[in-house]
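The structure appears right after this line, and notes come after that.
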Amino acid sequence: MHRIKKILVANRGEIALRVIRTARDMGIKTVSIFSEADRNSPHVKFADEAICIGPPPSSESYLLGEKIIELAKKLKVDAIHPGYGFLSENANFAKKVAENGIIFIGPSPEAIQTMGDKLAAKSAVANYEVPMVPGTSTAITDIKSAKEKAEEIGYPVLIKASAGGGGKGMRIVNSEEDFESQMERAISEAQSAFGDGAVFIEKFISSPRHIEIQVLGDQLGNLIYLFERECSIQRRHQKVIEEAPSSVVSQEMREAMGKAALDVAKACNYYGAGTVEFIVDENLDFYFLEMNTRLQVEHPVTEEITGIDLVEQQILIAEGKALEIKQEDLSIKGHAIEVRVYAEDPTNNFLPDTGCLETYKRPQGPGVRVDDGFEENMDIPIYYDPMIAKLVTYGQNRSQAIQRMLRAIEDYEISGIETTLDFCRFVLEHQSFISGKFDTKFVEEHFDPEKLNEEKERDRESAEIAAILAASFFNNHQGKRKTTVSDSQKKSKWQQRKNH
Ligand code: ADP
Ligand code: ADP
Ligand code: MG
């Protein structure tokens, strides 16, 4: 057992802050690293020590594993927390950290290696009764036999890069004629994007849900699952809204998915916090997709409904302690929703919209949690993921969580850049979302960017009408009022509203 007294957080933004906060709660000292683009970031200010690691591009800063390890040694750090993205799923980095006598806050390098490769993961779990999406179980080398397999599965099929991640490296093939050309493209893309051309095929489930299970395991072999997260609201195969629990998961289904997730974890002797992702079809049959061997972006919704601090658990596990929580101690209390606030323009195909956060005011009040990494007047750098914040609401039940989210979205004041907030409100107010009957095709089927434009136009008009009314009221009552507001002040207030 090694007591951790000082942690270096090898990440940036909201997740670096998230980790630092728990470390401070535990009386652990923290070190932040930052690139030249992040010099003024809150994650730099909140740490006990902060060191500039290099120029803005990640390849010259946050991805420099060796440099980060050297720094950790120099600063006498006991452990490194990798957050998500960057080096978090790099088995080689985890291994080198350990070789240098530093604790890697995460699973073993072997578990990262196995689960980081979708095919290796499938083969590792083959000995367990984990349901799999029909498809090939090895990398495709011979296009002709792959085509036969595709026939057998039935079109459409999905070609996936074994090393893929972040929603990248997938191609849908609708018919036999396209198979060969799509396969060639998929292989060359996988080679250039992930440095590994291995691809396989999977049945394309037409209207699936994405539901995942949070697991925790200690180094003594104890494993528990912390229920599910529903992550079906996605754009570009990437999540934007998540919630826990899921509206479609019954207690029986939860237990079956929990058992399957623990089997996946057992298959790689997993320890730490991890997530087993499943795809669920219309019949509510679920299939193993992949395992993410790190803290997940959407982990707060699980924290809200279980009352467990997942980062604290990660740290205790890394120290070698036995899990104190037993499966039977766990229960779901209430409902939590997370919306990811991205600097993206939903009316322009969700393209990143970076720039300056001219106005930035967080919502507050009962049931509202904001995990973010920016302050007003900061620039959202173009070099990294354009996520500004995760807005999480908690309620005694789903409808209270939704109501609180709508309030929080309304109270969030951001100007200077486009964000996904209005899009998220559109989803939360949509009948399909409210009824719980939705799948990963929600955006494709229900989202019409024009509606957001119309809404913006309406807001603008009503703000103008309100301004005219206010001005005439003001003129009529001049002299009767004790305090007066200057015209310029009024204007700037309405101007602000209009910019939302
Ligand atoms: P999660 O899987 O935690 O729900 P995302 O899929 O959005 O969240 O991924 C989390 C972060 O990790 C994002 O910043 C994403 O860009 C990054 N990421 C995930 N997989 C990869 C990968 N294989 N290569 C590079 N970045 C990745
Ligand atoms: P990544 O490593 O990029 O996160 P995943 O295998 O987790 O890759 O898939 C990401 C998303 O792609 C899923 O959440 C789902 O929306 C979609 N997807 C993946 N596999 C399938 C499939 N077989 N059929 C339909 N959609 C899929
Ligand atoms: Mg995934």
Side-chain angles (χ1 to χ4, degrees), residues 84-85 88-90 112-122 124-125 130-137 140 149-150 152-174 182 186 189-190 193-196 198-215 228-243 246 248 257 260-261 264 273-299 338 340 350 385 438-445 447:
Y84 55 70
S88 62
E89 289 168 287
N90 184 321
I112 299 176
Q113 182 91 40
T114 306
M115 292 297 154
D117 184 284
K118 295 192 201 313
L119 280 170
K122 282 178 195 258
V125 303
V130 178
M132 305 274 200
V133 189
T136 53
S137 55
I140 289 160
K149 185 73 186 176
E152 195 187 308
I153 297 168
Y155 288 97
V157 296
L158 194 61
I159 307 176
K160 269 190 180 179
S162 191
K168 297 182 187 78
M170 276 180 265
R171 270 180 180 273
I172 303 170
V173 191
N174 287 309
Q182 292 286 53
E189 271 174 10
F194 311 109
D196 175 358
V199 301
F200 61 98
I201 49 179
E202 243 176 42
K203 181 175 176 52
F204 181 71
I205 316 262
S206 64
S207 297
R209 283 177 172 256
H210 173 122
I211 300 178
E212 57 189 32
I213 303 281
Q214 174 71 52
V215 301
E228 78 278 6
R229 289 187 290 257
E230 160 76 65
C231 311
S232 299
I233 305 290
Q234 307 180 341
R235 46 106 188 71
R236 281 185 242 113
H237 300 300
Q238 257 207 321
K239 306 153 188 167
V240 234
I241 301 184
E242 301 99 338
E243 62 180 311
S246 162
V248 294
M257 291 183 85
V264 173
T275 296
V276 182
E277 298 189 331
F278 295 95
I279 197 155
V280 179
D281 68 15
E282 300 101 320
N283 305 322
L284 297 183
D285 286 326
F286 60 88
Y287 306 95
F288 171 60
L289 263 188
E290 64 160 348
M291 180 170 194
N292 290 329
T293 55
R294 54 174 161 89
L295 190 65
Q296 200 99 346
V297 174
E298 58 276 20
H299 75 276
E338 168 182 286
R340 299 193 192 184
F350 293 92
D385 192 273
F438 58 90
D439 52 51
T440 56
K441 284 167 103 180
F442 181 94
V443 172
E444 199 181 309
E445 279 173 2
F447 179 55

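Counting convention: from 1, in listed order, for ligands and their atoms alike.
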Nearest neighbour of atom 10 (C) of ligand 2 from the list M291, H210, Q238, M170, on a heavy-atom basis: M170
Electrostatic pair E202-K118, nearest N-O below 4.0 angstrom: no
Side-chain ion pair, K239 and E212, N-O less than 4.0 Å: yes
Degrees at the Mg ion (ligand 3) between the OE1 atom of E277 and the OE2 atom of E290, nearest 10°: 90°
Structural part of I205 in contact with ligand 2, heavy atom criterion under 4.0 angstrom: both
Non-hydrogen atom of K239 closer than 4.0 Å to ligand 2: no
R340/E298 under side chain to side chain contact (heavy atoms under 4.5 Å, CB included): CA gap, chis, key distance, verdict: CA-CA 9 Å; R340 299 193 192 184; E298 58 276 20; 3.0 Å; yes
Close side-chain approach of F438 and E230, heavy atoms under 4.5 Å: yes
Candidate with minimal heavy-atom separation from atom 1 (P) of ligand 2, of E290, R236, E212: E290
Contact atoms of ligand 2, heavy-atom distance to G167 under 4.0 Å: 1 (P), 3 (O)
Rounded distance (nearest 0.5 Å) linking atom OG of S137 with atom NZ of K149: 7.0 Å
Modelled atom types, side-chain donor and acceptor of N292 and T275, under 3.5 Å: no
Among K118, E202, K168, Q234, closest by any non-hydrogen atom to atom 15 (C) of ligand 2: Q234
Aromatic ring pairing F350/F447, orientation class (parallel under 30°, perpendicular over 60°, tilted between): tilted
Atoms in ligand 2 flagged as close to F204, the criterion being non-hydrogen separation under 4.0 Å: 24 (N), 25 (C), 26 (N)
Min heavy-atom dist K160 to ligand 2 below 4.0 Å: yes
Proximity of I279 to ligand 2 by residue part, where a heavy atom lies under 4.0 Å: side chain
Ion pair R229/E242, N-O distance below 4.0 Å: no
Ligand-residue contact atoms, ligand 2 with K203, heavy atoms, under 4.0 Å: 22 (C), 23 (N), 24 (N)
